[in-house]
Amino acid sequence: MQRIPYLTKREWGWYWQPTPALKRLGFSMISLGKDEEEARRRALELNEQVEQEKAKVAAGAYEPKPGTVAATIRLYQASPEYAGLRDSTKRGYDQRLVALEQWIGDAPLDDISPKLMKSWYRKVQETSPSTANANLRVAKLLWSWAVSENLADDNPAKHVRMKGTKPRQALWEPWEVDCLIEAADSIGRPSMGHAIRITFDCTQRQGDVLSLTWDQIEDGLIAFKQSKTGALCHMPLTLALAKRLEMIERPTEKVVTLKPSAAPVIVSEATGKSYDHHNFRSTFSRVRKAANDAYKDQNDTEEDRFLDRQFLDLRRSGMVEAAHAGVALRDIAARSGHSIDRTQAILETYVPATREMAAAAVSGVEKARAKRIKNGRKL
């Protein structure tokens with residue numbers, strides 16, 4: 001069967017995956033479902049749209065009209081405010097801005113009413129509440145910037161009430177983390193195993209783990225300055241993490257242009273360089289599938305144990321492991337870099353009170369009282 005450009009099959013079905021160049025023209029990845037015939041038909045329609053847009057660019061007709069939503073998006077992306085964002089934040093904003101432009105890019109900015117914005121929000125929310133909220137947050141940001149630049153009179157997105165979404169409930173059990181790391185090694189991607197162990201044991205964000213350099217690891221300590229909050233976290237290496245780091249061959253002056261101490265810890269086996277966002281995500285999907293397949297083989301089951309969880313769940317899972325081990329709230333917060341209130345909110349969601357916890361609390365009180373009595377003090 002003839003291959004169709006940009007049509008790809010993944011574990012959840014068929015997708016139309018545009019190149020970065022097409023994304024700059026306003027296209028984004030689209031799920032086409034599991035029916036191959038229908039997916040091929042839709043992909044051909046989308047490819048026809050691509051050719052039409054390419055023709056517009058070739059004719060010099062693609063530049064959006066001044067005052068439209070699309071033109072405002074271009075101005076915002078060229079602004080100092082946008083330039084000052086982190087790369088990961090830009091990627092997230094760009095996805096939402098593409099969705100906004102595809103929805104109503106040709107319309108004049110001031111023609112977008114709160115009612116129209118609300119209808120878009122509700123339509124997207126029917127299929128993906130989290131995507132709808134992300135779209136609305138970035139729409140609010142764009143119009144707020146436009147108002148501050150005297151490009152718009154009002155911000156229609158601020159009049160739309162955002163509905164809360166349930167937090168992700170997926171957690172990695174410690175033994176499942178071990179399975180993931182074993183799977184990474186088995187498919188020749190130990191670098192992914194390193195990233196998984198660091199993230200779980202240090203409870204840090206993916207971006208901070210991938211940007212980790214050797215000069216941040218010294219004397220049995222690993223130091224993170226979180227890019228999102230600026231929080232500084234110093235923590236001793238766990239035995240498992242120390243063992244994992246010993247597996248990595250540290251670079252020398254001969255193989256890096258930077259000082260060896262400033263070289264990245266996590267390096268892709270495929271490129272010899274740090275992972276980019278797309279390659280890391282796709283490689284983790286391969287590792288997760290390998291772990292899931294191994295679990296099914298070892299347990300003679302058809303249960304998909306791993307496929308509903310993501311890399312970002314590792315950080316929260318490490319916090320929950322610490323809570324179950326009896327680690328104090330303040331100490332968990334010091335390791336993850338969250339505020340005390342945020343840490344407590346996370347643990348209240350994922351660590352429901354149990355009979356064992358209540359018994360441990362009573363036991364702690366009894367020990368403290370016994371110590372006071374021994375020292376001659378009253379209860």
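Under a 4.0 Å N-O distance rule, the pair Arg41/Glu36 does not qualify as a salt bridge. Between Lys296 and Glu303 there is no salt bridge, since none of the side-chain N atoms of the basic residue sits less than 4.0 Å from a carboxylate O of the acidic one.
Scanning for salt bridge (Lys or Arg N to Asp or Glu O under 4.0 Å) contacts around Arg42 gives Glu45, with sequence neighbours left out. Partners of Ala242 under the side chain to side chain contact (heavy atoms under 4.5 Å, CB included) rule, at least two apart in sequence or in another chain, are Leu237. For Phe284, the ring-ring contact (aromatic ring centres under 6.0 Å, His included) partners are Phe311, not counting sequence neighbours. Contacts of Glu321 classified as salt bridge (Lys or Arg N to Asp or Glu O under 4.0 Å), with partners at least two apart in sequence or in another chain: none. Scored by the ring-ring contact (aromatic ring centres under 6.0 Å, His included) test, Trp143 finds no partners at all (sequence neighbours excluded). For Asp208, there are no salt bridge (Lys or Arg N to Asp or Glu O under 4.0 Å) partners two or more places apart in sequence or in a different chain. With sequence neighbours excluded, the residues forming a side chain to side chain contact (heavy atoms under 4.5 Å, CB included) with Ala107 are Ile104, Ile112, listed by chain and number. Remark: Ser128 pairs with Ser130, Thr131 by the side chain to side chain contact (heavy atoms under 4.5 Å, CB included) rule, at least two apart or across chains. Taking the salt bridge (Lys or Arg N to Asp or Glu O under 4.0 Å) definition, one finds that Arg244 meets it with Asp185, sequence neighbours left out. Every residue two or more places apart in sequence or in another chain that forms a side chain to side chain contact (heavy atoms under 4.5 Å, CB included) with Lys118 is listed here: Arg122, Val160.
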Would you please test Leu46 and Leu7 for side chain to side chain contact (heavy atoms under 4.5 Å, CB included) and show each step? CA-CA 10 Å; Leu46 290 164; Leu7 179 64; over 6 Å; no
Verdict with reasoning, Cys202 to Arg335, per side chain to side chain contact (heavy atoms under 4.5 Å, CB included): CA-CA 7 Å; Cys202 299; Arg335 184 172 71 149; 5.6 Å; no
Which is it for Lys90 and Tyr93 under the side chain to side chain contact (heavy atoms under 4.5 Å, CB included) test, yes or no, and what are the steps along the way? CA-CA 5 Å; Lys90 289 179 182 177; Tyr93 283 7; 5.7 Å; no
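When every heavy atom of Thr203 is checked against every heavy atom of Met319, the shortest pair comes out as CG2-N, 3.6 Å. Closest non-hydrogen pair, Tyr15 versus Leu32, comes out as C-CD1, 4.1 Å. Closest approach of Gln226 to Ser336, counting heavy atoms only: NE2-O, 2.6 Å. Shown here for Trp14 and Ala39, the closest heavy-atom pair between the two residues is CB-CB, 3.5 Å. Contact record, Phe200 with Leu314: CD1-O, 3.6 Å, taken as the closest heavy-atom pair. Across all their heavy atoms, Ala291 and Cys179 have their closest contact at CB-O, 4.0 Å.
With no hydrogens or angles considered, no side-chain donor-acceptor pair links Thr8 and Gln17 at under 3.5 Å. Donor-acceptor pairing under 3.5 Å is recorded for the side chains of Gln77 and Asp94. Between Arg315 and Gln204, the side chains place no donor N or O within less than 3.5 Å of an acceptor N or O (distance only, hydrogens not considered). Judged purely by distance below 3.5 Å, without hydrogens or angles, the side chains of Arg189 and Ser268 pair a donor atom with an acceptor atom. For Tyr295 and Asp304, the side-chain atoms include no donor-acceptor pair closer than 3.5 Å. A donor-acceptor contact under 3.5 angstrom links the side chains of Asn47 and Trp16, judged on distance only. A donor atom on one side chain and an acceptor atom on the other are not found under 3.5 Å apart for Thr301 and Asn299.
A continuous path of hydrophobic side-chain contacts links Leu141 to Leu116 [ILVMFWY only; heavy atoms under 4.5 Å].
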List the atom pairs, donor and acceptor, that lie under 3.5 Å between side-chain atoms in residues 66-73 and the rest of the protein, sequence neighbours left out.
residue, atom, partner, partner atom, Å
Thr68, OG1, Lys65, O, 2.7
Thr68, OG1, Ala71, N, 3.2
Thr72, OG1, Thr68, O, 2.8

Residues 147-158 side chain polar contacts: donor-acceptor under 3.5 Å, at least two apart:
residue, atom, partner, partner atom, Å
Ser148, OG, Trp145, O, 2.6
Asp154, OD2, His159, NE2, 3.1
Asn155, OD1, Ala157, N, 3.1
Asn155, ND2, Lys140, O, 3.0

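Cation-pi geometry between Arg288 and Phe306 is not satisfied (NZ or CZ under 6.0 Å from the ring centre, within 45° of the ring normal).
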